[in-house]
Amino acid sequence: MAAPGPARLLRAAAASSRRWLFSSTSAAAGMRPGRGSAVAAGRAARLFSLSARAVLSLAGLVLKVQHITIANPILKISSAFDTILPLLKNTCASFSKERLDVALGATVWFVLLDLMISEVFSSRIDAVIQVCRTPPLLTSISEDKITVHFINRDGDKLTAQGKPGDSLLDVVVDNNLDIDGFGACEGTLACSTCHLIFEGHIFEKLDAITDEEMDMLDLAYGLTETSRLGCQICLKKSMNDMTVRVPEAVADARQSVDMSKNS
Amino acid sequence: MAAGRAPLGLRRWLSSPAPAPRVCVVGSGPAGFYTAQHILKHHGGAQVDIYEKLPVPFGLVRFGVAPDHPEVKNVINTFTQTARSERCAYYGNVTVGRDVTVPELRQAYHAVVLSYGAEDNRVLGIPGENLSGVYSARAFVGWYNGLPENRDLKPDLNCETALILGHGNVALDIARILLSPLQLLRKTDITDSSLAALACSKVKRVWLVGRRGPLQVAFTIKELREMINLPGARAVLNPADFTGLENAVKDAPRPRKRLTELMIKTALEKPVEVQATAGEAAAPREWRLKFQRSPQEVLPTPDGRRARGVRMAVTRLEGSGDSARAIPTGDVEELECGLVLSSIGYRSLPLDPAVPFDAQRGIIPNSSGRVEGVPGLYCSGWVKRGPTGVIITTMNDSFDTAQSVLEDLQGGVLDMSPSREGFGAVESILHSRGVRPVSFSDWEKIDAAEVARGKAAGKPREKIVDPAEMLRLIGH
């Protein structure tokens with residue numbers, strides 16, 4: 001299981017960062033007031049920010065390589081760190097830059113660390129991964145992942161990712177998306193439970209539908225002009241960020257004796 | 001389980017200890033399993049026990065779906081997952097209504113869901129129906145699918161012409177099994193004895209006869225296409241049956257339109273010279289659709305014992321679409337055949353005097369799965385809405401019933417205060433009646449044995465058709 005690796009990494013990062021932090025502040029505090037201490041404090045602060053960002057980015061990178069989605073929040077925080085810190089520095093130019101750096105670096109780092117530690121250690125690793133997965137994830141910065149948004153029957157938006165060539169059924173199954181009864185026949189064109197409704201511009205560019213798919217699609221409930229079976233649609237780069245809708249109440253048209261009533 | 005944002009430990013710490021509801025499901029086919037699955041998924045504490053009268057589970061997925069449709073049986077995988085989950089238990093070899101009554105179950109469980117399906121069939125109600133050579137489609141399907149009660153059917157396949165009454169998917173399934181090349185059937189999970197009988201079958205011509213017209217057929221396009229493309233058999237459709245229909249379906253919904261267009265296309269195509277498949281008889285097999293014929297009598301052979309043909313009334317249609325009715329015109333037609341299969345629908349039977357039953361419609365009167373007048377009693381599947389539809393329809397219907405159960409559990413409608421012991425209470429009842437339930441791991445032993453036996457013959461499994469043999473295998 002991939003999780004212990006990153007967890008150990010985070011713990012190590014936390015430990016070393018705390019060491020950095022304490023050694024730096026005590027050094028700064030113990031210094032004689034004057035030019036020397038300010039320079040030293042500044043150097044310490046810069047080292048801090050650097051180390052914090054480096055550790056965060058490294059942790060994120062390692063987790064991402066191991067395909068754990070916890071990476072994304074970390075990357076986001078890391079990039080936020082990059083943008084927020086300079087902003088704060090500029091607005092507080094009248095104060096001692098170095099001291100502010102130290103304070104800011106320390107505060108932000110502690111907040112981040114606490115967040116990470118409480119998430120990682122107060123519950124099981126896989127529960128954390130689950131927690132990070134179920135709310136909508138952030139857009140991937142990776143080249144080969146395609147993001148798809150599913151609007152569930154109750155209106156909830158579920159976002160997941162797949163590789164080019166994955167079918168939409170693969171995406172639902174691999175990401176354990178909570179769509180009732182999806183993919184009953186496991187992608188063998190023997191049911192219509194993976195019926196999905198596409199956006200017009202995406203629908204037009206889909207590969208042509210076969211007779212076999214249409215035969216099963218014809219029996220799907222709530223058929224629309226832009227309906228297809230998810231198990232037959234494979235991800236392409238052009239589909240990145242597309243939204244598909246799960247139609248209402250999956251019910252096969254074979255139940256209704258009068259097929260002419262369905263439209 | 002829907003994952004919340006709070007870490008698991010925190011959620012557990014905050015939730016108050018509520019009594020775990022115990023739910024009983026009667027019937028282990030798709031209806032039973034989908035209902036159980038939905039309840040388990042949306043209630044973190046419920047315990048669901050599934051009872052089944054046969055030792056083996058899965059109902060019509062195992063005994064109804066045609067052997068050459070293995071993909072449809074993939075749902076067994078999700079059912080297996082459900083059965084193996086820790087809050088679900090399977091108890092086979094328990095006949096509810098005899099080994100344990102519904103009132104006894106209602107004492108032991110907070111909610112009881114009846115999902116026992118339709119074990120009987122509608123009767124033609126015409127003279128000669130009981131002659132030798134006349135079978136219900138249900139029994140015939142049960143026979144080739146290894147349903148224990150039909151294992152001794154021994155249908156007589158010595159005649160050249162078979163007549164199937166009905167225009168649904170079951171009728172097409174039977175036609176396909178009768179006409180399929182043996183080498184295709186050999187690789188399926190059709191029972192060995194049926195395979196042997198089909199190997200000696202003389203049936204070359206299959207008529208599919210329906211009371212109404214092409215626009216009222218109940219079979220669907222995938223199954224029709226399969227028949228049209230069946231190797232070694234040709235489709236003979238009369239173009240006269242389809243005059244004017246191209247226009248009639250111009251504006252029909254796509255499913256009906258495509259289905260009718262396919263029939264028209266097949267009717268108008270010049271019959272292609274069908275090459276007899278290697279090893280088969282020289283003359284190709286054929287199947288025909290006959291419309292607007294209503295069976296009046298099964299005609300006997302001179303010795304009065306066997307079927308030799310069917311006399312049918314020619315009908316005309318009154319009304320259109322699905323509500324069109326077939327009215328006899330007064331003309332009759334006779335068709336010679338030695339095998340008559342009546343595929344006019346399955347039918348549910350009442351289970352227990354304590355359960356209301358609508359004999360007219362063949363269902364348990366209910367509203368969204370809640371049995372009328374009996375709180376705490378529910379139904380799902382064919383016994384709830386009638387014996388039509390496929391697995392997906394039943395899935396939807398089961399989720400609907402499960403929703404009702406969940407609503408009632410959460411809304412305090414059900415009496416949760418007395419402690420219900422669930423299987424704990426039922427176990428002693430069964431023991432006192434000498435009934436020994438089969439567990440899911442017992443079924444897995446039977447499953448493994450069937451798969452092993454099938455392997456040698458290149459089949460996915462060789463079904464065991466004798467319940468006594470099943471029980472011996474697991475040491476009961």
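Below, chains carry the letters A, B, ... as their sequence lines are ordered, and counting in each starts from 1.
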* Asked: Taking all atoms of both residues into account, what is the closest heavy-atom pair of A:Cys185 and B:Glu71, and its distance?
  -> CB-O, 3.9 Å
* To do: Might you point out which heavy atoms bring B:Val75 and A:Ala184 nearest each other, and give the distance in Å?
  => CG1-O, 3.5 Å
* Measure the spacing between CG of B:Asn396 and OH of A:Tyr221 and express it to the nearest 0.5 Å. => 9.0 Å
* A:Cys191 side, atom SG; B:Ile391 side, atom CD1 - distance, nearest 0.5 Å -> 9.0 Å
Mark yes when over 12 heavy atoms from residues, nucleotides or ligands other than [X] sit less than 6.0 Å from its [atom1]; otherwise mark no.
X: A:Arg245; atom1: CZ; answer: no
X: B:Arg122; atom1: CZ; answer: no
X: B:Arg138; atom1: CZ; answer: yes

* To do: Answer with side chain, backbone, both or neither: which region of B:His69 has an atom nearer than 4.5 Å to a non-hydrogen atom of chain A?
  => neither
* To do: Please assess B:Arg256 against A:Asp218 for the test salt bridge (Lys or Arg N to Asp or Glu O under 4.0 Å), listing each intermediate value before the final yes or no.
  => CA-CA 9 Å; B:Arg256 176 59 68 186; A:Asp218 271 356; over 6 Å; no
* Salt-bridge test for A:Asp215 and B:Arg258: reply yes if a basic N is under 4.0 Å from a carboxylate O, no otherwise. => yes
* Asked: Heavy atoms, side chains only, cut-off 4.5 Å: are A:Met214 and B:Ile221 in contact?
  -> no
* To do: Would you check if B:Lys222 and A:Leu189 make a side-chain contact, meaning some heavy-atom pair closer than 4.5 Å?
  => no
* **Verdict with reasoning, A:Glu186 to B:Thr78, per side chain to side chain contact (heavy atoms under 4.5 Å, CB included)** => CA-CA 10 Å; A:Glu186 300 178 4; B:Thr78 181; 5.7 Å; no
